[in-house]
Number of protein chains: 2
Amino acid sequence: MARATIADVAKLAGVSQATVSRALRGVDKVTPATRAKVERAADRLNFTLSKNASSLASGKTMRVILLCSGKLNEWFNANVLQGVYEVLGPEGYDVSPSFIVDKKESERYFAQLPKNRNADAIVISSFQLDETARAELRSTDMPTVGVNIPAASFCDAAIGIDNFDGMFKAVRLLRSLGHTRIAFLGDYIPDDMVYSTSQRTEAFLEAAEENGYDDGDAAVICADEHGVTLSKSDLAAQLVAKLLSLPNMPTAICAETDQVAIAVVKELREQRLRVPEDISVIGFDDADIAQVADLTTIRQDPLELGRNAGRKVLSLLRGTPLNPAYESQEAALVLRGTTVRLPADAR
Amino acid sequence: MARATIADVAKLAGVSQATVSRALRGVDKVTPATRAKVERAADRLNFTLSKNASSLASGKTMRVILLCSGKLNEWFNANVLQGVYEVLGPEGYDVSPSFIVDKKESERYFAQLPKNRNADAIVISSFQLDETARAELRSTDMPTVGVNIPAASFCDAAIGIDNFDGMFKAVRLLRSLGHTRIAFLGDYIPDDMVYSTSQRTEAFLEAAEENGYDDGDAAVICADEHGVTLSKSDLAAQLVAKLLSLPNMPTAICAETDQVAIAVVKELREQRLRVPEDISVIGFDDADIAQVADLTTIRQDPLELGRNAGRKVLSLLRGTPLNPAYESQEAALVLRGTTVRLPADAR
DNA sequence: TTGTACGCGTTATCAT
DNA sequence: ATGATAACGCGTACAA
């Protein structure tokens, strides 16, 4: 059967196309009686408005892009997507997720992006854009909201986790537990795409200094530069090797993420080091796996981040004021079984 | 700056709109020289084709819907999405994910769905549709591909995991390990939305029978009916209580999913039952958490499922033959630390 | 409150 | 190979 158009409905209902349009969208003034007639006709013809045609006529696409810096099946991204969708979906928006993994793709993406009016807004999750990309973005009229992006300047609004707050809490915990030598363990960070994790490294150093740790007592251990992505276990092996060859072996470590923390715990135990008796470990994120691994960690809530981003998109789109345009989510320490007070004999 | 239209490009390049359209899409015959001219003009004007206008004119929306039965941040759904996106994205399609959690929503969704031509295809993941929904779906001209749906009849193509193969492998493993009394543990299954897990229950019973287990030696334990979703630990507590009050306590169990398995293992250990020495546990899915928990499980690969679904969508959309329209993915047993051969003294 | 008529930016058909 | 022009299906001033 050929799809019914608004004209068919108008004819069947005995009104004009304009009236059908108004009745079906429920915005403009239409007599209840007329509306009923129209709805009955639409129902009989199995008709709903075409999003495409509406978009073309109105200039609103009712679509928002979610651009992620990693795959959509990663814990963080999947949660942000769910959050964004939860608030934008019911409002009639489609959200089309997409992701970029390397710099080349990024360039291509942004070179294409701003030219065509294919979305009403864009939310950018977890990565840094270079000047070119920012310029392209700015040249669009699309409202932009950032999620967990270091420099929020090029966004109309942004929401992120407070990595500094988180790392400070982690370091303070370790100090409270009596650990005098601590370390931060992370992957190699290419400088062309800056992630949240690089902030964590910085934050660790600041927190250590502020809490009275000397340079020698707060080490940062990063993986060597590598082209392809290391498996977490290979990464952990490398990090633990570096850790164990330190002049003064730390008694506690903070890892860049839960994934890294868990792999490191495993590797440490394979080396017959007891966690937490010999060494305490703190992760970052509180992803599903953290609970299973009984890992002490810093919680961030990407689902709520996504919802908040969705709300900000809505405000931007509707011109309602966004009470704080820029927000950061407080981090929460989650105490589990991989941290313990340093035994007296070990101090 | 006002957005440039195809007319502006045509004027600047000194050709007709039609030629610009042809040149930019790269499909029809256009002289290389003309194409170059057009591309230069488009570039200068910062122009790309509007997806909306193209869609309206061509009837192709270049959009495919992904409809999931649970939230998008669930392991399975997130992976399917990633897979679908990986193959459809590079072909120029947007994929708009959406999800439905209860029956009411489902009805509303399908009542709206087929009427407007807002997507070129739909992929439906992980749930059963009732007759009404199927009819609505059929009344659309949209190609439909199913992912992990029990009855594939209403789809043009489908791909799923082979739950039967998986459960048979699990049961055979337990038999090989010498377990003579086994059980299946699962949540309460409302009958209005049938999930993959109900298949697993069936499969367990069949596999048990075929492998020589009596009725008394192969128990199925399900949670009591409940309105709200139980937390996994509450569920596990209930299941373990039922398990421990069985006349003949099994020495091995299969759980509906990894999540349930892990919660059950935890509960068992809290009851001072050793896993696997006292009781073996097998999960289902091989999600991230399974590895962390060192859980023996049946692997399914939703990422590959999604990719395959994406390929089928492409075939359907292009009219190329889909070599098998219906496929099922073999399940693979992953041996880890929660299963062990039944000690001789326990037999 | 309702109807008329034009425009949204492209594709597709038919000439040339 | 290229150009003119009619759809595509709806939103929206403006008029009634």
Side-chain angles (χ1 to χ4, degrees), chain A residues 1-39 41-42 45-63 92 112 114-120 141, chain B residues 1-39 41-42 45-63 92 94 114-120 141:
Chain A
M1 58 170 182
R3 201 159 303 283
T5 77
I6 203 171
D8 301 323
V9 179
K11 208 187 309 168
L12 182 60
V15 296
S16 73
Q17 294 190 14
T19 301
V20 174
S21 174
R22 286 185 279 245
L24 257 30
R25 279 177 306 153
V27 284
D28 277 292
K29 284 111 181 30
V30 177
T31 308
T34 315
R35 179 187 309 280
K37 255 196 321 195
V38 170
E39 280 172 348
L45 293 177
N46 226 277
F47 170 89
T48 57
L49 296 169
S50 150
K51 219 161 186 167
N52 269 317
S54 300
S55 297
L56 189 56
S58 68
K60 267 86 187 63
T61 67
M62 294 308 281
R63 203 168 309 134
Q112 289 287 79
K115 307 172 180 179
N116 45 4
R117 221 251 179 287
N118 286 335
D120 293 337
D141 49 352
Chain B
M1 57 174 181
R3 201 160 303 281
T5 77
I6 205 171
D8 301 323
V9 180
K11 208 187 307 169
L12 183 60
V15 297
S16 71
Q17 296 189 13
T19 301
V20 173
S21 176
R22 286 186 280 247
L24 257 29
R25 280 177 303 157
V27 285
D28 279 291
K29 283 115 186 22
V30 177
T31 308
T34 317
R35 179 187 310 279
K37 253 195 323 196
V38 170
E39 280 172 348
L45 294 177
N46 226 278
F47 169 89
T48 57
L49 296 170
S50 150
K51 221 162 184 168
N52 269 317
S54 300
S55 296
L56 187 57
S58 70
K60 267 89 188 60
T61 66
M62 294 309 281
R63 203 166 310 135
D94 281 352
K115 307 172 181 180
N116 45 3
R117 220 254 179 284
N118 284 335
D120 293 337
D141 51 351

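By convention in this document, chain letters (A, B, ...) are assigned in the order of the sequence lines, proteins followed by strands, and residues within each chain are numbered from 1. Fair warning: this is a prediction, and the values are worked out from it, not measured in the lab.
Side-chain contact check for B/T34 versus B/R22: every heavy-atom pair is 4.5 Å or farther apart. Two residues are said to be in side-chain contact when any heavy atoms from C-beta on lie closer than 4.5 Å; A/D120 and A/R63 fail this criterion.
Across all their heavy atoms, B/L24 and B/E39 have their closest contact at CD1-CG, 4.2 Å. Across all their heavy atoms, A/A42 and A/V9 have their closest contact at N-CG1, 3.9 Å.
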### Task
Show your reasoning for whether side-chain contact (heavy atoms from CB on, under 4.5 Å) applies to B/D94 and B/K51.
CA-CA 10 Å; B/D94 281 352; B/K51 221 162 184 168; 3.2 Å; yes

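A search for side-chain hydrogen bond (donor to acceptor under 3.5 Å, both in side chains) contacts involving A/T19 returns A/S16, not counting sequence neighbours. B/I6 meets the side chain to side chain contact (heavy atoms under 4.5 Å, CB included) test with B/Q17, B/V20, B/S21, B/F47, B/L49; sequence neighbours excluded.
Counting only distance, with no hydrogens or angles, the side chain of A/T31 and the backbone of A/A33 share no donor-acceptor pair below 3.5 Å. Between the side chain of B/T5 and the main chain of B/A7, a donor-acceptor pair closer than 3.5 Å is present.
Near-neighbour residues of DNA chain C inside residues 30-37 of chain A, defined by a heavy atom below 4.0 Å, number-ordered: A/V30, A/T31, A/T34. Proximity of residues 12-20 of chain B to DNA chain C (heavy atom under 4.0 angstrom from any strand atom) is restricted to B/Q17, B/A18.
Atom-to-atom distance recorded for A/S50:OG and B/L56:CG is 6.5 Å, nearest 0.5 angstrom. How far CE of B/M62 is from CG of A/N52: 12.0 Å, rounded to the nearest 0.5 Å.
Along DNA chain D, read 5' to 3', the first and last nucleotides having any atom under 4.0 Å from a heavy atom of chain B are D/dA1 to D/dG9. Nucleotides of DNA chain C lying under 4.0 Å from heavy atoms of chain A occupy a range whose first and last members, 5' to 3', are C/dT1 to C/dG9.
Base contact: A/R22 has a heavy atom under 4.0 Å from a base atom.
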